[in-house]
Amino acid sequence: MNTIKLTNSKTRQKEFFTPINSCNVRMYVCGPTVYDRAHIGNARPVVVFDVLYRLLRYVYGSRHVSYVRNITDIDDKIIDRAVQAGIEIDELTSKTLNWFHEDMAALGVDYRNDPQFFEPRATEYISEMLAMIEELIKRRHAYVAKQHVLFSVESFQDYGSLSGRSTEDMIAGARVEVAPFKQNSMDFVLWKPSNNDQPGWESPWGRGRPGWHIECSAMSHALLGETFDIHGGGSDLIFPHHENEIAQSRCFCPKGDFARYWLHNEMLQVDGKKMAKSVGNFFTVRDLLNQSVPGEVIRFVLLSTHYRKPMNWTKKKADEAMMTLRKWRNLTSGIKEGRPPENVVNALADDLNTSRAVAELHRLAAVQDGPSLKAGAMLLGLLHDNLGHWYAPKSNDIDEILVERIEFWINQRNLAKIEKNYARADAIRHKLSAVGVAVLDTVDGVKWAINPAHENSGKWELLE
RNA sequence: GGUGAGUUGGCGGAGAGGCUACGCAGCGGACUGCAAAUCCGUGUACACCGGUUCGAAUCCGGUACUCACCUCCA
């Protein structure tokens, strides 16, 4: 069995991973708040932890790994957005969740038929949250103030240990206005009141809704128990979200360890800057797909940098990824995958070193080892059939008249070649390539292909 | 102000005290009417200043710069 090493944010060290129970390895990752299309940065943890899930399944067996990724479907951002759009919250969240599933499936993350994957929605776990909050109050880790229930950070000694902050530092640096009813300015909300226009549930403290952090504590506890193996998410969640989760869960189950290994992926930047709508470098996964950047290419780019390093999204990386994938698909087309090669498995087992795994795949490609290349790539979620539509576009996607027109020029060029009129032959090739039609002379005759991402693709009138 | 991450060849990006990373681009060559694809060969590197060591890109100290988090955020 392969030994997996993971960098644990809790200890800031790379550690050997030993599951509590190797027949039931349990992982929890913070999922999306469903109010809008997933942007490219949202996709990074989804893909990174998908690779970890694949690795764990490979090492421990697919029936021995459970993966929970929650859906936050009650949140002030959702409420605001629904009001803006003039629709019901359910309509917004279910529409957004469908988008999320579609977009992530395009990146090769699709758990629809996976009995080991769980996707709890916060609104389905309100009673568990209420029970947890009541228990925290009973144990004096939480208190009621003005219809709010607040967690008392002073009641938990280890508060701040994950993010390495002392409570004093946090208070000094806090830029938030502190609600006057808080006993300590760092105390955070477990439950807050809802007015009549806001969604709410009856509770001992009046009609209200849960705070964000309690969701993950309640859902991970309900589905994975009081101690589980891995908790993942983006590094921006370390504080306050994960810190608060730890406080809630550890105080609720003082005997449990909550999560034993904390994994955090670094942030994604675009053209060297944090993605922001104001900077104009903000785009969603769907935007890229619509620009004919295949999901497999997006996935490759996301895995080409180690997950613990900030990564920069650029068009150039996507272009290079596409070239590599085309090469690998040429090499493996019609070939059945073999066993995942040791070098690739070892690279992944070493703290999910995806970029080293990619380097190993390049080596396998260089020695033309198709079966190993394919198996290794598949462990990364690449070269699967369902991601290959871009590589072999179906001819029936193309207008028949257009095909006739292209083939007319191909024939003209063939005639020119027979007459050794190479100037004319080249001129025709240029004409076709100007609209994104590549012409290749191969041993099997002349072939052509349309590149839908070409800047003039679709401007077929240029062909006249 | 506090916390953390980082600075590797033209670009991207691993590694980690002595051994070619790898990819793209470049250059030379094979193949080709020319291209494309493919194949073969090839150069360039570890921010700066000190220290430890037989030996440092890798360890230690300092400096500079970059980024993120401390507020909803993946």
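These numbers were taken from a predicted model, which means no experiment stands behind them. Every chain is numbered from 1, with letters handed out A, B, ... down the list of sequences.
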Legend entry - Rounded distance in Å between the P positions of B:rU42 and B:rG4: 45 Å
Inset, instruction - Going 5' to 3' through nucleotides 31-36 of chain B, assign each nucleotide B (protein heavy atom under 4.0 Å from a base atom), S (under 4.0 Å only from sugar-phosphate atoms) or - (no protein heavy atom that close). - result: --BBBS
Inset, instruction - Would you indicate what A:G41 reaches in the nucleic acid, counting non-hydrogen atoms under 4.0 angstrom: base, sugar-phosphate, or nothing? - result: base
Legend entry - Interatomic distance at C1', B:rC39 relative to B:rC31, whole Å: 9 Å
Inset, instruction - Show the numbers, then the answer: is there a side-chain contact (heavy atoms from CB on, under 4.5 Å) between A:D351 and A:H306? - result: CA-CA 9 Å; A:D351 198 23; A:H306 187 90; 3.7 Å; yes
Legend entry - Letter per nucleotide, 5' to 3', of nucleotides 15-24 of chain B [B base touched, S only sugar-phosphate touched, - untouched; heavy atoms, 4.0 Å]: S-----BSBS
Inset, instruction - Answer yes or no: does a side-chain N or O of A:Q368 lie under 4.0 Å from OP1 or OP2 of B:rC39? - result: yes
Legend entry - P-based separation of B:rA74 from B:rG26 [nearest Å]: 40 Å
Legend entry - Nucleic acid contacts - residues 91-111 of chain A versus RNA chain B, non-hydrogen atoms under 4.0 Å: none
Inset, instruction - Check A:D90, A:T72, A:T93, A:D73 against A:T123 for a side chain to side chain donor-acceptor pair (under 3.5 Å) and give me the one that passes. - result: A:D73
Legend entry - More than 12 heavy atoms of other groups within 6.0 Å of A:E88 CD: no
Inset, instruction - Could you tell me whether A:R37 and A:D287 have a side-chain N and a carboxylate O separated by less than 4.0 Å? - result: no
Inset, instruction - May I ask you to check whether over 12 heavy atoms, not counting those of A:K14, lie within 6.0 Å of atom NZ? - result: yes
Legend entry - B:rG50 and B:rG29, which share atom name P, separated by this distance in whole Å: 44 Å
Are any protein N/O atoms closer than 3.5 Å to N/O atoms in nucleotides 26-30 of chain B? If there are, list each pair with its distance.
none

Inset, instruction - Check every strand shown and say whether A:K77 touches a base, only sugar-phosphate, or nothing at a heavy-atom separation below 4.0 Å. - result: base
Legend entry - Atom P, compared across B:rG43 and B:rC65: separation rounded to whole Å: 37 Å
Legend entry - Nearest-Å distance once atom C1' is located in both B:rG17 and B:rU52: 11 Å
Inset, instruction - Run the salt-bridge test on A:R329 and A:E296 with the 4.0 Å N-O cut-off and return the result as yes or no. - result: yes
Inset, instruction - Between A:M311 and A:Y35, just flag the one whose closest nucleotide in RNA chain B comes earlier from the 5' side. - result: A:M311
Polar atom pairs between nucleotides 66-69 of chain B and protein, under 3.5 Å, N or O only, would you list them?
from: B:rC67; atom 1: O2'; to: A:Q269; atom 2: NE2; distance (Å): 2.9
from: B:rC69; atom 1: OP1; to: A:K274; atom 2: NZ; distance (Å): 2.2

Legend entry - RNA chain B base-pair string [pairs: Watson-Crick or G-U under 3.5 Å; |: paired with another strand]: (((((((..(((.....[...))).(((((.......)))))....(((((..]....))))))))))))....
Legend entry - A:E245 backbone acceptor or donor facing A:S217 side chain under 3.5 Å: yes
Inset, instruction - Please state the P separation for the pair B:rA5 and B:rG15 - nearest whole angstrom. - result: 15 Å
